[in-house]
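Taking it in order: structure first as C-alpha cells, then the write-up.
We're numbering straight along the sequence, starting at 1.
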Amino acid sequence: MREAFVDTAIGFLDDPRTTIVLADISAAAFAPAAARYPNRIVNVGIREQLMIGVAGGLALTGQRPIVHSYAPFLVERAYEQIKLDLDHQGVGAVLVSIGTSYDRAAAGRTHLAPADVSLIDTLHGWTVHVPGHPDEVPGLLRRTVCGQDSAYLRLSTQVNTRAYAGDGELVVVRDAGPDAALLVAVGPVLDAALAAVADRPVTVAYTHRPRPFDTAGLRALAGTEVILVEPYLAGTSTRVVSEALADRPHRLLSLGVGRAELRRYGSAEHHERWHGLDPTGLRRSVDAFLGSAG
C-alpha cells in the first residue's frame with residue numbers, strides 16, 4: 001500500500017497546489033521526486049507537530065497538502081495540531097498513515113496506533129478511508145486530494161485477496177438471504193471475516209470508508225443482528241451504527257482491537273490472534289453472539 005501511495009502522490013506534483021509534507025518517514029522513497037520538484041516535497045525532520053503546522057500554513061495559502069508518517073506519530077503525537085492548525089482554522093489536508101494498529105508490533109508500543117480513527121472521529125467533517133488492498137489506494141488518494149475537506153487515508157501491511165471499487169458504499173460480498181445477520185467488515189479484515197462465517201447464514205458487506213459511514217446502505221441491509229468488524233479500536237463505529245438503526249430493534253456486536261494493554265511485542269499476526277481478529281477468534285465471537293445454531 002505504501003508503494004501505491006508514493007507512486008500516486010508523486011503524480012500530483014504536476015499540480016502546483018500540491019505539496020507533500022514529511023517527517024523523515026518515507027523520505028527515501030520520495031527522494032527522486034524531490035530532485036525533480038524542488039520545494040514541493042518538504043521534510044521537516046522528526047518533528048511531527050511541526051509537520052501538521054506546516055500543512056496548516058500551506059492550506060491557508062490555498063495549497064492541498066499531503067501529509068505522511070506512521071499513524072502514532074501522524075495522528076496521536078500531533079493530534080492537538082490537527083485539531084487547531086487544520087480543524088479550527090477551517091482548512092483541509094490529506095493525512096496518509098502507515099504502520100496502523102499493530103502493523104509494526106515488533107517495534108513496541110511506540111509504534112502501535114489502534115486509536116487513530118477514534119481520535120479523527122472527534123473532529124468534524126473528516127473523511128476516513130481504510131483500504132483493504134493496494135489497488136484501492138490510488139483511486140482513494142485521487143478522490144481525497146481532489147476534494148476540499150480534510151481526509152485521513154489509513155494504509156496497512158495487512159491486505160485482502162482482492163480489491164473493491166467504489167467510493168465507500170457498502171458492497172455485499174456474500175448474501176445469505178433475507179433475515180440473515182449482517183456482518184460489516186472495514187478494510188483489511190474482510191478476508192478473516194469471510195473465513196469466520198463461511199458456513200454460517202451471515203450476509204457480509206465491505207467498506208473502505210468508515211467515515212462518513214454508509215448509513216443508507218446499512219439500513220437497507222441490516223436486520224435485527226449486526227456484527228461490525230474494524231481493524232482499529234473496537235467500538236469505534238458503534239455510535240454511528242446505533243444511531244443509524246435507532247428506530248429499529250437490533251443487537252450489535254462490535255469487534256476490533258481490544259482496549260487492554262497487552263505489553264507484548266510479537267508480529268502483526270500475533271496481535272491479530274491476541275485481539276481475536278483472526279478467523280478463529282472472529283468465529284468464536286460470532287458464535288457467542290448468534291448462538292451455535294444461529
Are [X] and [Y] grouped together when hydrophobic residues (ILVMFWY) are joined by side-chain heavy atoms under 4.5 angstrom apart?
| X | Y | result |
| --- | --- | --- |
| L58 | I52 | yes |
| V67 | F30 | no |
| L190 | V171 | yes |
| V42 | V91 | yes |
| Y164 | V172 | no |

Can you tell which of Y232, Y79, Y152 makes a side chain to side chain donor-acceptor pair (under 3.5 Å) with D116? Y152
I'd like to check [X] versus [Y] (side-chain heavy atoms, cut-off strictly below 4.5 Å). Are they in contact?
| X | Y | value |
| --- | --- | --- |
| D103 | I98 | no |
| R219 | R248 | yes |
| E261 | R109 | yes |
| L277 | P231 | no |
| V137 | L140 | no |
| R77 | Q49 | yes |
| F289 | E225 | yes |
| V96 | I66 | yes |

In terms of the angle between their ring planes, are H68 and F5 parallel, tilted or perpendicular, with boundaries placed at 30° and 60°? tilted
Mutual orientation of the aromatic rings belonging to W274 and H270 [parallel < 30°, tilted 30-60°, perpendicular > 60°]: parallel
Any sub-3.5 Å donor-acceptor pair from [X]'s side-chain atoms to [Y]'s backbone N or O?
| X | Y | answer |
| --- | --- | --- |
| Q158 | V189 | no |
| R142 | F12 | no |
| R209 | P212 | yes |
| R40 | D14 | no |
| N160 | D191 | yes |
| T100 | A71 | no |
| R64 | R17 | no |
| T18 | L13 | no |

For H271, which of D278, V257, L112 qualifies under side chain to side chain contact (heavy atoms under 4.5 Å, CB included)? L112
Spatial distance of atom [atom1] ([X]) from atom [atom2] ([Y]) [nearest 0.5 Å]:
| X | Y | atom1 | atom2 | value |
| --- | --- | --- | --- | --- |
| S101 | L233 | OG | CG | 8.5 Å |
| L255 | E230 | CG | CD | 9.5 Å |
| L74 | L95 | CG | CG | 5.0 Å |
| L183 | L253 | CG | CG | 8.5 Å |
| E136 | H129 | CD | NE2 | 10.5 Å |
| L155 | R2 | CG | CZ | 9.5 Å |

Compute the centroid of each ring, for H111 and then for Y70, and state whether the two points are separated by less than 6.0 Å.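 Ring-ring flag for H111/Y70: true, centres closer than 6.0 Å.
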Start with the C-alpha gap between V241 and H250, add the side-chain angles, then the distance that decides, and say whether side-chain contact (heavy atoms from CB on, under 4.5 Å) holds. CA-CA 10 Å; V241 173; H250 69 279; 5.5 Å; no
Minimum heavy-atom distance between H124 and D87, given as atom pair plus value: N-OD2, 3.6 Å
List the atom of S254, the atom of A234, and the distance in Å for their closest heavy-atom pair. O-CB, 4.3 Å
Between R239 and D121, does any side-chain N to carboxylate O distance fall below 4.0 Å?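 Looking at D121 together with R239, the answer is yes, because their closest N to O distance falls below 4.0 Å.
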